[in-house]
Structures are given as structure tokens and as C-alpha cells.
Amino acid sequence: MLSLTYVNDINYRIEVLFMNKVIFKSEDKKIKIIDFYNKILRRWPVSYEEINVKTKYGDTNVLSCGQKNNPPLVLIHGSTSNSAMWIGDIENYVKYFRVYMIDIPGEPGKSQAVRFDLETCEPAEWLDQIIVDLKIKKFYLCGISLGGLISLNYTIRNVNKVEKLVLLCPGGIGKQKMKWIPYLLSMSFLGWYGAKKSIEKVCWGEEVHDEAIYYHQIITKGFNPRIDKFPVFSDEQLNKLRMKTFIIFGKMDIFFDSEETIKRAKSTIPNLKYEILEDKGHGLINKSTQIVDFLIEEA
């Protein structure tokens with residue numbers, strides 16, 4: 001007779017497989033998520049254009065802002081999110097950069113509802129197709145969480161294209177914590193209360209407005225997030241990052257071990273600047289001042 005532990009493990013693995021394959025729970029719920037995305041864009045604080053880039057992994061949506069003759073800055077959001085997350089930072093970024101905010105495929109944005117394999121070079125191939133299509137030669141790159149993992153995947157394989165690299169609570173360097181996933185999944189069934197509790201855990205120490213909680217509620221009702229373990233890059237791979245690199249972590253991060261990540265980054269990334277924010281968690285928002293200062297400082 002199968003043990004309860006074994007049955008639960010099988011159920012969990014089936015759930016992981018299912019949730020990583022079926023991205024939106026229904027077409028109606030997908031439309032609701034995109035409609036709210038568009039509502040946020042209608043009050044975007046600076047002028048922008050939306051660019052559709054065709055890639056091997058489907059159509060990818062890119063928001064672009066700022067003077068075209070400014071140096072390019074590419075921003076990649078995290079899991080269970082989209083480029084609307086940069087609304088609080090964009091006014092600061094466009095003072096200095098031509099900004100390209102990219103919706104990751106398979107996330108609750110406007111890009112194709114497909115997922116590439118994070119264990120392979122697929123994320124780097126996807127991003128490079130966009131960079132080539134936009135006719136960008138060399139650029140600044142900033143990614144948060146899953147976006148940080150993708151940024152690492154790309155930069156390791158394209159070291160000559162990235163001027164400086166910024167990583168906010170990135171995957172791919174230190175230990176990933178999985179224990180909070182069941183809690184966050186259970187909160188997705190509890191409406192506004194569950195959305196609020198989830199945001200409080202993820203964005204520990206940050207002021208999160210009701211609109212963000214409501215949007216998180218819409219997303220969790222209509223979207224199945226990735227819940228697989230992220231790959232970890234080797235010492236040899238991280239040692240390729242010879243450009244100036246800035247990593248920001250919240251000490252209260254519930255997804256990644258911040259201290260272990262920084263310790264490993266210090267021993268493997270040659271030109272590293274880092275900051276651990278004692279009273280912050282995983283969802284680091286409104287950090288554009290520190291990031292801009294790092295990007296525009298003289299070599």
C-alpha cells in the first residue's frame with residue numbers, strides 16, 4: 001500500500017507539471033489580467049510605445065520609453081508579474097536612458113503564453129532575438145527575481161553586449177527556498193485577504209498600494225505561476241561576468257537565501273557591488289535611485 005507521504009509527493013509533482021504547462025486558467029481570466037494591465041498603462045507617467053517582437057518562442061511584448069538617443073536600458077520583470085511593475089521607477093529611468101521593458105513569455109503579460117526551459121540557453125536565445133530586432137548593440141541590463149535569472153543566463157553567454165548588469169533578488173546564484181510555495185498557493189484561494197497576506201510576505205518592508213493587491217488577486221485567480229526550482233549557475237559561468245555588476249537583496253527574502261547568494265557572488269563575480277537591505281524582502285520596488293546612480297557612475 002502506498003504511504004500518504006508518497007501519494008502527496010506524486011500529487012505535488014503532478015501539480016507542478018500541470019501548473020507549469022497550463023499558464024492561464026481560462027481565456028476570460030487572461031483577458032481580465034490584460035485589461036487591468038492596460039488600465040495601468042493608461043496612467044503611465046511618461047509617453048511610451050508598445051513593440052511586438054517575433055521570436056522563436058512566440059510574440060514578445062516590449063514597452064519602450066525615453067529619448068531614442070539615450071543609452072539603452074533593458075528591464076526584465078519577475079515571476080507572476082509583467083512590465084507594469086516598473087510604473088514607480090520609469091520617470092527616473094527615462095531621464096538618462098532609452099528604456100525597454102520586456103514581458104517574459106509564459107507570465108501574466110502580453111507576450112506568448114509559452115515557457116522556455118530555464119535549464120538551457122533558451123532564455124538567452126529569446127532575449128538576444130529581441131536585442132537584435134531592436135538593433136541594440138550594447139546595453140545596460142536589469143532583472144528582478146526570475147528576470148534576474150534570465151539576465152544572468154543571457155549575460156553569461158553574451159558578455160560583450162552588456163555594459164553593466166543589475167540584479168534584484170535574482171535566482172541562479174544562491175539557495176532557493178521552496179517552503180513558502182504551499183503557503184502562497186493556499187492564499188490564492190482566499191480572495192482579497194489572501195492576496196494581501198501574500199504581498200505582505202513577498203514585499204516585506206515595502207508600502208504596497210491597494211491597486212497592487214487587487215491586481216495580484218486577479219493574477220492569482222487566473223494564472224498558474226512557475227513553481228519549479230531554478231537552475232544555479234556554476235562558478236565558472238559566474239566568473240565570466242567581468243562587467244560591473246550590482247546585486248541588491250532584501251534580508252527578509254522568502255524565496256532566496258540572501259546572505260548565501262551574496263557570499264557566493266562575492267567569491268565568483270569579479271567586479272561586484274552589492275547591498276543587503278536589512279528590513280526588505282523579495283519584492284524590491286522603487287529602487288531606481290540606487291540603480292541609476294550605479295549605472296551612470298564613471299568607470
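Index from 1, following the sequence. Computed from a predicted structure; not experimentally measured.
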Between [X] (side chain) and [Y] (backbone), is there a donor-acceptor pair under 3.5 Å?
{"X": "R98", "Y": "Q67", "result": "no"}
{"X": "T261", "Y": "D257", "result": "yes"}
{"X": "K25", "Y": "T220", "result": "yes"}
{"X": "T55", "Y": "Q129", "result": "no"}
{"X": "K177", "Y": "D253", "result": "yes"}
{"X": "Y215", "Y": "I33", "result": "yes"}
{"X": "S145", "Y": "G147", "result": "no"}
{"X": "T80", "Y": "G78", "result": "no"}
{"X": "Q112", "Y": "P105", "result": "no"}
{"X": "H77", "Y": "I104", "result": "yes"}

Between [Y] and [X], is there a side-chain heavy-atom distance shorter than 4.5 Å?
{"X": "I51", "Y": "E49", "answer": "yes"}
{"X": "F116", "Y": "I150", "answer": "yes"}
{"X": "L295", "Y": "V166", "answer": "yes"}
{"X": "K251", "Y": "K280", "answer": "no"}
{"X": "I87", "Y": "M85", "answer": "no"}
{"X": "T60", "Y": "N52", "answer": "no"}
{"X": "V162", "Y": "L165", "answer": "yes"}
{"X": "L272", "Y": "I247", "answer": "yes"}

Heavy-atom count around [X] [atom1] within 6.0 Å, excluding the residue itself: above 12?
{"X": "Y274", "atom1": "OH", "value": "no"}
{"X": "W44", "atom1": "CH2", "value": "yes"}
{"X": "K263", "atom1": "NZ", "value": "no"}

Consider only side-chain heavy atoms of I, L, V, M, F, W and Y, link residues closer than 4.5 Å, and tell whether [X] and [Y] are in one cluster.
{"X": "I76", "Y": "I285", "value": "no"}
{"X": "M243", "Y": "L127", "value": "yes"}
{"X": "F36", "Y": "I23", "value": "yes"}
{"X": "Y214", "Y": "Y37", "value": "yes"}
{"X": "I136", "Y": "V132", "value": "no"}

Ignoring hydrogens and angles, state whether a donor on the side chain of [X] or [Y] is under 3.5 Å from an acceptor on the partner side chain.
{"X": "N153", "Y": "R157", "answer": "yes"}
{"X": "N70", "Y": "Y93", "answer": "no"}
{"X": "S111", "Y": "D103", "answer": "no"}
{"X": "T268", "Y": "N239", "answer": "no"}

Do you know the tightest heavy-atom contact between [X] and [Y]?
{"X": "L277", "Y": "E275", "answer": "CD2-OE2, 3.1 Å"}
{"X": "W86", "Y": "I144", "answer": "CH2-CG2, 4.1 Å"}
{"X": "I90", "Y": "P45", "answer": "CG2-CG, 3.5 Å"}
{"X": "M252", "Y": "E278", "answer": "CG-O, 3.9 Å"}
{"X": "P71", "Y": "Y96", "answer": "CD-O, 3.4 Å"}
{"X": "R226", "Y": "L146", "answer": "CD-CD2, 4.4 Å"}

Legend entry - From CA spacing to verdict: side-chain contact (heavy atoms from CB on, under 4.5 Å), K287, D89: CA-CA 7 Å; K287 300 297 178 281; D89 295 303; 5.6 Å; no

Closer than 4.0 angstrom, basic N to acidic O: yes or no for [X] and [Y]?
{"X": "E260", "Y": "R264", "result": "no"}
{"X": "E50", "Y": "K110", "result": "yes"}
{"X": "R242", "Y": "E163", "result": "no"}
{"X": "K161", "Y": "D128", "result": "yes"}

Working to the nearest 0.5 Å, report the span between [atom1] of [X] and [atom2] of [Y].
{"X": "I276", "Y": "I262", "atom1": "CD1", "atom2": "CD1", "result": "5.0 Å"}
{"X": "D117", "Y": "E122", "atom1": "CG", "atom2": "CD", "result": "5.5 Å"}
{"X": "I291", "Y": "C142", "atom1": "CD1", "atom2": "SG", "result": "4.0 Å"}

Inset, instruction - Examine K29 relative to F223 and say whether NZ or CZ is less than 6.0 Å from the centre of the six-membered ring and inside a 45° cone about the ring axis. - result: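 Because its charged atom misses either the 6.0 Å distance or the 45° angle limit, K29 does not stack over F223.
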
Legend entry - K273 to F246 six-membered ring, cation-pi geometry met (6.0 Å, 45°):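 Yes, K273 and F246 form such a contact.
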
Inset, instruction - Could you walk me through whether K196 and E200 pass salt bridge (charged side-chain N to carboxylate O under 4.0 Å, His left out), step by step? - result: CA-CA 6 Å; K196 186 172 185 296; E200 287 174 351; 2.5 Å; yes

Inset, instruction - Kindly state whether the ring of Y57 and the ring of W126 have centres lying under 6.0 angstrom apart. - result: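 No; W126 has its ring centre 6.0 Å or more from that of Y57.
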
Inset, instruction - Report yes if the distance between the aromatic ring centroids of F139 and Y100 is under 6.0 Å, otherwise no. - result: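 No; Y100 has its ring centre 6.0 Å or more from that of F139.
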
